[in-house]
Amino acid sequence: MSNNTIGPETTKSLSIRILLADTDRRAYAARLAMAFAAVGCEVSAVCTGHHPIETIKALHRRFPYSAVHPLASLLRAIESAAPDLIIPCDDRVVQHLHQLCRQFRAPGGPQDGVVSLIERSLGPSASYPILSARYPLLELAKANGIQVPSFCLLQTPEDLSRWQGKHPLPWVLKADGTWGGGGVRVVETPQEAETMLQILKAPCRLNRAVKRLLVNRDPFYLRDWWQRSSPSVIAQAFVPGRPANCAVACWEGKVLAQINVEVLAASQPTGPANVVRRISSPEMTSAAERISEKLQLSGFFGLDFIIESGSGATYLLEMNPRCTPLSHIQLGLGTDMVGALHTVLAGQPLPAAPPSARNGCEVIAYFPQPSESNSEFRELSLKNFPHGEPDLARALLRPFPERTLLYRIVNYFDTKQAPLAAKATEAVRN
């Protein structure tokens with residue numbers, strides 16, 4: 001492959017080419033594809049099977065994402081699509097892009113445009129070790145004047161003991177390489193902390209990998225089991241308050257557009273938000289600008305915060321180095337992330353500074369809402385309905401693999417066992 005096969009410098013098509021990459025069947029990947037197509041982009045995707053993005057009319061090409069050879073399949077998609085921008089839609093893809101960049105930078109690696117395209121899409125590779133781990137990101141934030149809760153890297157049980165002597169309970173333990181709240185645990189006793197530290201640091205077990213393969217139809221966990229890697233874990237001081245987050249589009253360290261929201265409803269205490277309300281937060285805006293500038297980021301990223309009860313202080317908790325459910329939302333000038341990136345990619349000047357007035361649509365309920373959501377949120381989510389894409393709406397209402405018989409059976413028994421698990425956790429705490 002030569003330098004002429006990849007990159008916007010040699011692309012003669014009038015359409016800007018976007019390649020979305022997703023291993024997790026995320027609904028917002030399809031919504032983001034629709035948004036880019038709406039501004040005239042040619043949108044392709046490399047993704048796992050049964051992805052909702054396959055149902056949209058605007059998709060130009062779809063490439064398979066292999067769990068056995070993920071880097072090779074990702075590279076084939078890049079070669080074929082020749083995109084101007086690669087957009088990772090889940091954390092696993094971010095890891096794969098970082099690995100691909102290291103592979104081509106290694107001595108003897110092929111000399112082509114892959115590295116420059118990945119860096120154009122994400123930012124310089126020197127920033128990747130910070131983006132891929134919680135501890136260095138929080139260190140960078142703290143060093144740049146961003147307020148963060150107290151935190152510590154837990155490499156040994158002795159680290160936990162030292163942390164215990166300085167910080168009152170409860171604590172939050174978080175494992176790298178996890179997402180959607182899956183690697184986050186709030187612990188209320190030292191004994192629970194010791195148990196959870198062992199669980200979070202343990203490599204992926206075979207029974208979990210097989211369950212994910214058969215029930216969730218996610219074969220990537222088999223690769224995690226085979227590699228037997230132990231994730232890094234941090235402890236964070238627990239800050240009582242309201243969860244909040246922001247979504248950001250940036251280019252070469254400059255923030256182009258941003259939306260700040262507080263969470264009104266979530267799937268679980270540490271899980272993804274279902275309903276959010278737009279807020280004005282200078283602290284969140286400043287944090288995004290400082291991190292983007294320091295790391296010279298491009299593309300999309302998100303930041304998670306907690307707004308402390310009583311004081312109203314805003315603490316940065318972690319970063320999502322990818323697009324988020326808010327990335328396709330458009331609430332006017334200064335918030336249109338897709339439009340801003342399209343403008344930059346097209347070589348056009350950005351509009352003047354956004355006005356101070358905010359759009360009237362302040363509450364955003366993602367479509368679809370869980371069945372247990374209240375009627376107001378379910379009705380509000382219809383404003384986020386994928387109009388013109390009936391097949392996508394059906395796929396989101398009955399997502400794969402949740403509609404499979406095996407998934408429903410396992411979920412039924414998991415629900416029945418949830419009270420027993422809660423009692424066991426309470427016993428550990430007592």
Side-chain angles (χ1 to χ4, degrees), residues 20-38 43 45-60 62 64-65 87 89-90 179-182 211-220 245 247 261 263-268 271-277 302 322-331 338 361 363-416 418:
L20 295 166
D22 187 15
T23 69
D24 202 33
R25 303 187 184 97
R26 302 203 174 184
Y28 58 77
R31 305 304 300 270
L32 199 56
M34 291 172 57
F36 273 108
V43 182
V46 51
C47 58
T48 48
H50 300 280
H51 196 294
I53 202 171
E54 298 173 351
T55 66
I56 67 171
K57 302 171 186 175
L59 189 66
H60 178 65
R62 185 260 179 188
Y65 208 133
I87 300 175
C89 299
D90 71 85
W179 46 85
K211 178 177 182 276
R212 288 285 180 171
L213 172 65
L214 298 179
V215 179
N216 301 85
R217 308 296 176 92
D218 187 344
F220 286 89
N245 64 73
V261 299
V263 178
L264 300 183
S267 56
Q268 52 185 333
N274 296 325
V275 184
V276 297
R277 177 167 50 215
R322 51 164 172 79
C323 61
T324 72
L326 278 170
S327 298
H328 74 278
I329 301 292
Q330 300 175 13
L331 299 177
V338 169
C361 181
V363 177
I364 303 166
Y366 301 127
F367 178 87
Q369 285 290 295
S371 57
E372 63 270 18
S373 295
N374 65 45
S375 58
E376 178 187 356
F377 289 159
R378 288 200 298 271
E379 183 177 350
L380 190 60
S381 73
L382 295 178
K383 295 184 178 180
N384 199 30
F385 185 88
H387 294 286
E389 296 286 355
D391 291 340
L392 175 60
R394 282 190 288 268
L396 297 182
L397 287 168
R398 298 188 68 239
F400 185 89
E402 284 88 336
R403 61 177 179 261
T404 63
L405 177 61
L406 180 59
Y407 186 98
R408 295 201 302 270
I409 292 173
V410 172
N411 185 63
Y412 172 81
F413 285 105
D414 284 348
T415 303
K416 290 291 185 181

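Only a predicted model underlies this, so the values are computations on that prediction, with no experimental measurement involved. Basis for what follows: all heavy atoms, side chains included, without hydrogens, waters or symmetry-related copies.
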For [X] versus [Y], what's the shortest heavy-atom pair and its separation?
X	Y	result
Ala265	Phe377	CB-CE1, 4.0 Å
Ala35	His328	CB-CB, 4.2 Å
Pro386	Leu392	CB-CD2, 3.8 Å
Arg25	Gly49	NE-O, 2.8 Å
Pro52	Leu396	CB-CD2, 4.1 Å
Arg62	Leu59	CB-CD2, 3.9 Å

### Query
Taking the six-membered ring for Trp, are Phe220 and Tyr65 parallel (under 30°), tilted (30 to 60°) or perpendicular (over 60°)?
perpendicular

Nearest-0.5 Å distance that lies between atom [atom1] in [X] and atom [atom2] in [Y]:
X	Y	atom1	atom2	result
Ile87	Leu32	CD1	CG	5.0 Å
Gln369	Leu397	CD	CG	11.5 Å
Trp179	Arg26	CH2	CZ	7.5 Å
Asp22	Tyr28	CG	OH	7.0 Å
Ser327	Arg322	OG	CZ	8.5 Å
His50	Thr55	NE2	OG1	13.0 Å

### Query
With side chains defined as the heavy atoms from C-beta onward, is the minimum distance between Leu326 and Asn245 less than 4.5 Å?
yes

### Task
Please tell me if the side chains of Thr48 and Asp218 come closer than 4.5 Å, counting only heavy atoms from C-beta onward.
no

### Message
What verdict does the side chain to side chain contact (heavy atoms under 4.5 Å, CB included) test give for Ser267 and Asn274, after you've listed the backbone C-alpha separation in whole Å, the side-chain angles of each residue and the deciding distance to 0.1 Å?
### Response
CA-CA 6 Å; Ser267 56; Asn274 296 325; 4.1 Å; yes

### Message
Please determine whether side chain to side chain contact (heavy atoms under 4.5 Å, CB included) holds for the pair Ile56 and Val43, giving the CA-CA distance in whole Å, both sets of side-chain angles, and the decisive distance to 0.1 Å.
### Response
CA-CA 11 Å; Ile56 67 171; Val43 182; 5.9 Å; no

### Task
Please name all residues satisfying side chain to side chain contact (heavy atoms under 4.5 Å, CB included) with Arg277, sequence neighbours left out, ordered by chain then number.
Glu262, Leu264, Glu362, Val363

### Query
By ring pair (Phe, Tyr, Trp, His ring centres under 6.0 Å), which residues pair with Phe385, not counting sequence neighbours?
Phe367, His387

